[in-house]
Amino acid sequence: MIAAVGLFLATAGVILWQNAHLVILWDLSYVLDTATRIALGQMPYRDFPLVHAPFTFLLQAAIIRLTGRIFFHHVLYAAIVGGLGTVLAWRIALHTLRGRMAAAWTVSLLLAAPLSVLGIYCILPHPSYDCDCVFSILFAILLLQRLTPDAAAVSASNPSRAFLRSFLAGAAVCLPLFFKQNIGLPLLLVTLAAIGLLLATRIFRRGAADTPAAPTLLLVLCGAITTLLAAGLLLHFTAGIGNYIHWTIQFAAQRRLPGIKDMLGVYADPTLLWT
């Protein structure tokens, strides 16, 4: 507990210090302008174009609606999320090293300590979808780490807890997709593919003790699928699923992703063949 509080306060302090001597960047004005329009009742993707996923803007809009248009509240949000991100990274490192070395606690703390000045919000100390997406990834990894065979055995006496843990892990894997799609979508696809591979391992290697149980993996898949379906229905009845796909996938890809011919054209240079 002392280590978690120390990492949180150190990171949050750096973020507050950064905001004390940095000017407000254009990136923040874009986020807060969009959030203000949402707070006033406008619907993104339907009432105005937005090429990014919605969660960061919705969170900032909620802050504006609840506490007013005060800049420090958004700074405080960045400090809190940044501090929690460092704590999550430390817990992930500790879980990875525990049982593999005698000084796991000390080593994990030393590994996480630099994040107090290099954490997700320490460089850019203003609310940003990139930073929020990384935080959601850390949260998802932390939940997925708990799906070990040992954890499943401990939860056998409490099936409801095991069900909730697995289901929430699957739901958490979908969260990054709704913070930033070009980070969240690859993460979701890779995670689902990895879970499918683990499930196949369980089926073809009966009694394999080095992977989570098949019911646990199936619950993770159910959590992810249920979350995606719920998000799709919510988008359909609010902004319109067609509008969301158009602005966040089709339009965003046209603006940010060059054509295959242009991307491969650089390799036509003969001087690059040796590399």
Side-chain angles (χ1 to χ4, degrees), residues 19 22-82 85 120-121 123-140 171-189 191 224-259 262:
N19 277 282
L22 285 179
V23 297
I24 297 176
L25 303 177
W26 180 89
D27 303 70
L28 176 65
S29 66
Y30 169 65
V31 172
L32 294 188
D33 176 72
T34 304
T36 300
R37 299 179 70 174
I38 297 174
L40 292 174
Q42 296 186 36
M43 183 66 66
Y45 316 113
R46 186 192 67 189
D47 299 332
F48 63 91
L50 182 63
V51 298
H52 296 95
F55 271 8
T56 292
F57 304 97
L58 293 177
L59 289 172
Q60 301 311 309
I63 293 174
I64 293 173
R65 288 293 297 270
L66 292 174
T67 66
R69 289 178 289 179
I70 301 174
F71 172 64
F72 179 72
H73 295 163
H74 304 284
V75 171
L76 193 60
Y77 166 86
I80 293 172
V81 174
I120 57 177
Y121 267 118
I123 306 301
L124 176 65
H126 302 147
S128 168
Y129 33 79
D130 295 274
C131 305
D132 286 347
C133 186
V134 173
F135 177 80
S136 65
I137 290 174
L138 291 172
F139 179 67
V173 171
C174 302
L175 289 180
L177 175 62
F178 298 103
F179 279 108
K180 194 171 186 185
Q181 58 272 42
N182 61 351
I183 298 176
L185 183 58
L187 174 78
L188 177 62
L189 295 178
T191 303
I225 294 172
T226 302
T227 302
L228 291 175
L229 290 176
L233 288 174
L234 183 61
L235 287 169
H236 174 72
F237 289 110
T238 53
I241 189 68
N243 294 331
Y244 182 80
I245 293 175
H246 170 72
W247 290 112
T248 63
I249 297 178
Q250 297 172 344
F251 183 82
Q254 292 173 0
R255 292 293 302 271
R256 294 173 176 266
L257 186 66
D262 294 329

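Just so you know, these numbers use all the heavy atoms, side chains as well, and skip hydrogens, waters and symmetry mates.
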- Task: For a side chain to side chain contact (heavy atoms under 4.5 Å, CB included) with Tyr244, tell me which candidate from Leu235, Ile249, Leu50 qualifies.
- Result: Leu235
- Message: I'd like to check the salt bridge (Lys or Arg N to Asp or Glu O under 4.0 Å) partners of Asp130; sequence neighbours left out, ordered by chain and number.
- Response: Lys180
- Measure the shortest side-chain to side-chain distance between Thr238 and Met43 over non-hydrogen atoms and say whether it is less than 4.5 angstrom. yes
- Kindly assign one of parallel, tilted or perpendicular to the pair Phe55 and Phe178, based on the angle between their ring planes and the thresholds 30° and 60°. tilted
- Shortest non-hydrogen pair, Ala78 vs Pro125, comes out as CB-O, 3.5 Å
- Message: Run Tyr121 and Asp132 through side chain to side chain contact (heavy atoms under 4.5 Å, CB included) and show every step you take.
- Response: CA-CA 9 Å; Tyr121 267 118; Asp132 286 347; 2.7 Å; yes
- Task: Using the side chain to side chain contact (heavy atoms under 4.5 Å, CB included) rule, take Val31 and His126 through it: C-alpha gap first, then chi angles, then the decisive distance, then the call.
- Result: CA-CA 9 Å; Val31 172; His126 302 147; over 6 Å; no
- d(Ile183 CD1, Leu177 CG) to nearest 0.5 Å is 11.0 Å
- Message: Could you work out, with side-chain hydrogen bond (donor to acceptor under 3.5 Å, both in side chains) as the rule, every residue matching His236, not counting sequence neighbours?
- Response: none
- Task: Please report the closest heavy-atom contact between Ala140 and Ala172, naming both atoms and the distance.
- Result: CB-O, 3.7 Å
- Do Pro176 and Leu188 come close enough that some side-chain heavy atom pair is under 4.5 Å? no
- Message: I need the Asp27 CG to Leu32 CG distance, nearest 0.5 Å.
- Response: 11.0 Å
- Task: Over 60° means perpendicular and under 30° means parallel, so classify the ring planes of Trp247 and Phe251, tilted if in between.
- Result: perpendicular
- Message: Would you say that Thr248 contacts Tyr45 through its side chain, given a criterion of any heavy-atom pair below 4.5 Å between the two side chains?
- Response: yes
- Flag side-chain contact, heavy atom, 4.5 Å: Ile38 against Pro44: yes
- Task: Return yes when atom CZ of Phe139 has more than 12 non-hydrogen atoms of other residues, nucleotides or ligands closer than 6.0 Å, and no otherwise.
- Result: no
- Does CZ in Arg65 sit with more than 12 non-hydrogen atoms of other residues, nucleotides or ligands closer than 6.0 Å? no
- Task: Look at the rings of Tyr129 and Phe57 and say which category their plane angle falls in: under 30° parallel, 30 to 60° tilted, over 60° perpendicular.
- Result: tilted
